[in-house]
Amino acid sequence: MMAMTDDCCLYFCGDGYGLDDFQKMMTMLVEREDSQYSYKNTLVAKDCNKVVGISVSYDGGQLHELRRAFIEDAKEYIGKDHSGMDDETQAGELYLDSLAVQPEYRRQGIAQKLLLATKERANRLGLPCVGLLVDKNNPVGEALYTSVGFRYVNDSHWGGHPMKHLIL
């Protein structure tokens, strides 16, 4: 959830549901093996035994299969049917869904290391690139991505926000 704004999280919630409900659902999705947010799709940066950053990525060609868990859990835990949700990725890229670093660990190169490790993961999986969407109103995020070599591909719209599609 740290990778999204509270407003973005609430955008996905049905009437009468809030951030606590969204967090409960996301926690369950991380614990599943068949979810786009699964621990199996997560790279973790640690300081001693403390998780200080994460990168969640998956094969864009598996989006619909992996998204099923989100759609099912969203109906149950946040009261909204997202079965008609737009695709944010496609086959041929390792989609970087989420990148987050704990606030006290930012500006130490952790996000850059996670991005490079995500590119290595794409290489190991035989995928030609890492793709992501960055909010057009997030110039700091865009600067981070371009600093490690991501480049603009096209405009997109997802989660109620105008986005840019970047690849590395």
Side-chain angles (χ1 to χ4, degrees), residues 1-14 17-23 25-27 29-30 35-39 41-47 50-60 62-63 66-67 70-71 74 78 80 82 84-122 127-168:
M1 289 174 58
M2 186 184 299
M4 305 187 320
T5 65
D6 286 354
D7 286 343
C8 189
C9 294
L10 290 171
Y11 169 85
F12 289 103
C13 293
Y17 293 87
L19 294 176
D20 289 342
D21 302 304
F22 192 84
Q23 182 175 5
M25 179 193 72
M26 291 304 293
T27 300
L29 290 169
V30 168
S35 159
Q36 65 200 91
Y37 304 106
S38 172
Y39 67 92
N41 297 327
T42 305
L43 299 174
V44 177
K46 294 173 85 175
D47 180 17
K50 180 180 180 180
V51 173
V52 299
I54 59 97
S55 167
V56 178
S57 62
Y58 52 86
D59 182 337
Q62 296 177 357
L63 172 64
L66 293 170
R67 185 182 277 165
F70 176 83
I71 292 169
I78 58 174
K80 199 163 181 182
H82 288 289
M85 180 185 296
D86 292 336
D87 292 351
E88 68 259 42
T89 184
Q90 64 274 324
E93 69 179 17
L94 182 69
Y95 181 67
L96 177 62
D97 188 286
S98 304
L99 177 72
V101 175
Q102 293 288 350
E104 64 271 24
Y105 285 86
R106 292 181 183 159
R107 307 236 181 266
Q108 297 178 32
I110 295 168
Q112 291 173 324
K113 288 177 183 173
L114 284 166
L115 289 168
L116 295 173
T118 300
K119 177 58 176 159
E120 290 174 16
R121 183 169 184 253
L127 293 168
C129 67
V130 176
L132 60 84
L133 296 181
V134 62
D135 194 305
K136 286 187 175 183
N137 295 316
N138 184 1
V140 173
E142 186 175 354
L144 166 66
Y145 299 130
T146 58
S147 76
V148 296
F150 278 87
R151 62 181 173 77
Y152 172 83
V153 177
N154 57 23
D155 288 335
S156 187
H157 194 270
W158 193 84
H161 300 278
M163 308 289 252
K164 291 182 179 180
H165 180 206
L166 307 179
I167 62 168
L168 173 65

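Because the structure is predicted, anything quoted here is derived from the model rather than measured.
Arg121 places a side-chain heavy atom less than 4.5 Å from the side chain of Ser57. Side chains of Phe12 and Met85 form a contact here, defined as non-hydrogen atoms less than 4.5 Å apart. Looking at heavy atoms from C-beta onward, Glu88 lies out of side-chain contact with His157 at the 4.5 angstrom threshold. The closest side-chain heavy-atom distance from Leu127 to Asp59 is below 4.5 Å. Side-chain contact between Phe70 and Ser35: absent, with no pair of heavy atoms (C-beta onward) separated by less than 4.5 Å. Put simply, the side chain of Leu114 does not reach to within 4.5 Å of the side chain of Ile54, judged on heavy atoms. Inter-residue side-chain proximity for Leu96 and Ser55 is flagged as met; some heavy-atom pair is nearer than 4.5 Å. Considering only heavy atoms from C-beta on, Phe150 stays 4.5 Å or farther from Val134 through its side chain.
For the pair Cys129 and Ala122, the tightest heavy-atom approach, listed with the atom from each and the gap, is O-CB, 4.1 Å. When all heavy atoms are compared, the tightest approach of Pro128 to Lys119 is O-NZ, 3.2 Å. In plain terms, the two heavy atoms of Tyr105 and Asp47 that are nearest each other are OH-OD2, 2.7 Å.
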One pair to check against salt bridge (charged side-chain N to carboxylate O under 4.0 Å, His left out): Asp87 and Arg67. What are the steps and the verdict? CA-CA 10 Å; Asp87 292 351; Arg67 185 182 277 165; 3.5 Å; yes

Step by step, work out the salt bridge (charged side-chain N to carboxylate O under 4.0 Å, His left out) result for Lys50 and Glu104. CA-CA 12 Å; Lys50 180 180 180 180; Glu104 64 271 24; 2.8 Å; yes

Show your reasoning for whether side-chain contact (heavy atoms from CB on, under 4.5 Å) applies to Leu63 and Tyr95. CA-CA 9 Å; Leu63 172 64; Tyr95 181 67; over 6 Å; no

Under the side-chain contact (heavy atoms from CB on, under 4.5 Å) rule, what do Tyr145 and Leu99 come out as? Steps first, then yes or no, please. CA-CA 11 Å; Tyr145 299 130; Leu99 177 72; 3.8 Å; yes

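Residue Met163 is tested with Asn138, Leu133, Asp155 for a side chain to side chain contact (heavy atoms under 4.5 Å, CB included); the sole match is Leu133.
Checking side-chain atoms of Arg151 against main-chain N and O of Leu166 turns up no donor-acceptor pair under 3.5 Å.
The structure places CG of Leu66 at 11.0 Å from CG of Leu29, a figure rounded to the nearest 0.5 Å. Note that the CD1 atom of Ile110 and the NZ atom of Lys46 stand 13.5 Å from one another [nearest 0.5 Å]. With values rounded to the nearest 0.5 angstrom, Gln112 atom CD is found 10.0 Å from Arg107 atom CZ. Going from atom CD of Glu93 over to atom CD1 of Ile167 covers 7.5 Å, rounded to the nearest 0.5 Å. The CG atom of Asp97 lies 11.5 Å from the OG1 atom of Thr118; values are rounded to the nearest 0.5 Å. Taking CG from Asp135 and CD from Glu142, the interatomic distance works out to 10.0 Å, rounded to the nearest 0.5 Å.
Taking a 6.0 Å sphere around NZ of Lys80, one finds it holds more than 12 heavy atoms contributed by other residues, nucleotides or ligands. Counting non-hydrogen atoms of other residues, nucleotides and ligands closer than 6.0 Å to CD of Gln23 gives a total of 12 or fewer.
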